[in-house]
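Sequential numbering from 1 along the given sequence is applied to the chain's residues. Every value quoted in this text rests on a predicted model; they were computed, and no experiment measured them. When a ligand or atom number is given, it counts from 1 through the structure's own listing order.
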Amino acid sequence: MLRRERALVAAAEIGRRIGPSRVLTDEELVASYAGDESEVPPVIPAAVVRAETSDDVVATLEVASQHEVPVTPRGAGTGKSGGAIPDHGGLVLATQRIARLKQIDRANRIAIVEPGMITGELHAAVEAEGLFYPPDPNSLESCALGGNVAENAGGPRAFKYGVTREYVLGLEAVLMGGQRLSVGRRTVKGVTGYDLTALFVGSEGTLAVFTELWLRLVPRPPRTATALALFSDAAAAGRAVAAIVAAGLTPSVLELLDEESLAAIRARGAVPVPARATALLLIEVDGEAELVELELERAAEACEAAGAVEVLVAQEASQRRALWAARRELSRSLKAAHLHKIAEDIVVPRTAVPEMIARTREIGRAHGLVVATYGHAGDGNLHSNFLWDDPSLSPEVERAVEELMRLAVEMGGTLSGEHGIGLQKAPFLAYEQSPQLIDLQRQVKAVFDPKGLLNPGKIFGRSGHGAC
Ligand code: MLT
Ligand code: ZN
């Protein structure tokens with residue numbers, strides 16, 4: 001039987017088990033599950049299961065495994081590396097409708113949530129209880145917690161608070177084949193057995209499908225203050241980041257935007273960025289009110305010493321909101337400014353940020369591409385964007401991306417800080433990891449998914465999974 005027919009047979013059987021309304025085969029509906037927010041071309045699956053309960057997930061993975069049909073798990077589809085693209089066809093298993101907030105336990109500072117819950121909604125719910133869930137990918141109004149955990153998402157606050165992995169105490173998951181697993185713990189401490197929770201976080205949907213997440217919360221910081229440090233070049237802004245850290249400060253946010261990124265923000269007219277700035281740092285400090293003022297002042301001094309033209313402190317909550325709206329929209333603003341864009345999320349040691357920005361610009365220039373760099377400079381995590389309008393430049397873009405990836409690794413960095421390897425960066429995995437390490441990870445994958453059916457093609461590349 002052909003692969004697509006096999007998938008449709010499996011879909012029909014899943015429909016009989018969980019209810020046909022939860023299984024889509026209509027071409028138009030199914031097509032809306034073909035892509036994500038990366039630049040990887042979409043692939044239309046044979047069918048989509050819109051799971052509403054963990055039992056639906058079990059049934060899907062059991063039946064798909066019996067029929068040897070590939071399954072691509074999908075949260076909200078906001079991923080940036082092609083992780084939710086059903087590259088091998090088969091079924092998409094969408095968990096967006098398994099989305100309850102099951103519990104906020106204030107005394108133990110834990111939230112129990114289902115994977116389809118929108119991240120921003122969890123923020124609002126826990127903040128109303130005086131608690132805080134720090135991971136804040138910029139798509140927080142639309143991304144889902146299950147996807148955040150699958151990708152080990154970061155975001156601007158990772159500089160102070162760390163990434164998603166640091167907030168996942170445990171989870172419930174279903175393996176390809178339909179076996180349920182409880183992994184980890186609901187206590188703050190716990191060292192029983194191997195830390196499989198840490199393995200599942202960031203596994204990009206290749207090991208299991210999550211059905212419940214046990215998340216660690218922290219107290220909500222009483223005050224947050226925001227400042228913009230304006231610079232006449234990105235290198236100076238990069239040096240200011242290192243100076244802030246060297247001064248012993250830990251702002252919650254240290255975001256850098258270069259000239260091209262500022263141009264995109266200005267073009268959208270969303271927030272007035274003074275014309276004298278050709279680069280800026282968005283700095284945020286949170287904590288007790290008195291300390292916040294002091295820390296922001298010291299960060300401003302460090303910026304001035306590193307060559308800031310001016311440091312502006314946001315006076316009103318509305319100014320802060322406008323700044324964040326502009327920052328969160330930046331990727332879309334860049335997309336609006338050029339016909340084509342490819343965005344990466346390399347990380348280099350933070351002291352190498354100025355050099356990385358300059359060398360990325362050189363790579364762009366050599367290949368006739370516009371470069372915009374912005375991102376979580378405090379972590380050395382840069383969103384390096386190549387932008388172009390002439391489609392004939394595509395081969396140049398491929399070469400530029402390859403050079404960028406090699407350079408990030410040569411400079412002591414890594415391919416991806418938060419978006420994952422997915423399909424987009426799979427061709428470059430061997431730049432960073434040895435053949436032995438890659439092989440060991442493939443073996444780990446095979447323990448959980450011996451037939452290679454769960455999210456095939458991701459991390460290890462298209463030839464990595466024989467079964468489908
Ligand atoms: C961001 O920081 O804005 C996102 O991680 C990536 C993006 O939208 O480019
Ligand atoms: Zn980011």
Side-chain donor-acceptor pair under 3.5 Å between Thr164 and Asn148, yes or no?
no

Starting from atom 7 (C) of ligand 1, locate the nearest protein heavy atom and write down its residue, its atom name and how far away it is, to 0.1 Å.
Tyr374 OH, 3.2 Å

Please identify which atoms of ligand 1 are closer than 4.0 Å to at least one heavy atom of His376.
2 (O)

Which one of Leu169, Ile110, Val113 satisfies the side-chain contact (heavy atoms from CB on, under 4.5 Å) criterion with Leu215?
Val113

Which protein N, O or S atoms sit under 2.8 Å from the Zn ion (ligand 2)?
His376 NE2, His383 NE2, Glu418 OE2

Measure the distance from atom 2 (O) of ligand 1 to every protein heavy atom, then report the residue, atom name and distance (to 0.1 Å) of the closest one.
Arg327 NH2, 2.8 Å

Determine whether any heavy atom of Arg332 lies closer than 4.0 Å to an atom of ligand 1.
no

In ligand 1, the atoms that come under 4.0 Å of a heavy atom of Ser331 are 7 (C), 8 (O), 9 (O)

Are any non-hydrogen side-chain atoms of Glu166 and Val163 less than 4.5 angstrom apart?
yes

ring-ring contact (aromatic ring centres under 6.0 Å, His included) pairs, two or more places apart, involving residues 329-379
His340-Trp388, Tyr374-His383, His376-His383

Please work out which of the three classes, parallel, tilted or perpendicular, describes the rings of Tyr133 and His123, given edges at 30° and 60°.
tilted

Please work out, at 4.0 Å between heavy atoms, whether the side chain, the backbone, both, or neither of Arg328 comes within that distance of ligand 1.
neither

Just to confirm my output: which protein heavy-atom neighbour is closest to atom 5 (O) of ligand 1, and how far is it?
His419 NE2, 2.9 Å

Lys80-Ser331 side chain donor-acceptor pair, cut-off 3.5 Å:
yes

From Thr373 OG1 over to Asp258 CG, what is the distance, rounded to the nearest 0.5 angstrom?
5.0 Å

Pick whichever of Leu334, Leu382, Asp345, Asn138 has a heavy atom sitting closest to atom 3 (O) of ligand 1.
Asn138

Number the atoms of ligand 1 from 1 as they appear, then name those within less than 4.0 Å of a heavy atom of His383, with their elements.
1 (C), 2 (O), 4 (C), 5 (O), 6 (C)

Tell me, please: is Glu37 in heavy-atom contact with ligand 1, that is, under 4.0 Å?
no

Please name the pair of heavy atoms, one in Ala372 and one in Leu387, separated by the smallest distance, quoted to 0.1 Å.
CB-CD1, 3.9 Å

For Arg320, side chain to side chain donor-acceptor pair (under 3.5 Å) partners two or more places apart:
Thr226, Glu284

Side-chain donor-acceptor pairs of residues 227-245 under 3.5 Å, sequence neighbours excluded:
residue: Asp233; atom: OD2; partner: Ala235; partner atom: N; Å: 3.2
residue: Asp233; atom: OD2; partner: Ala236; partner atom: N; Å: 3.4

Ring-face cation of Arg216 near Tyr167 (centre distance under 6.0 Å, axis angle within 45°)
yes

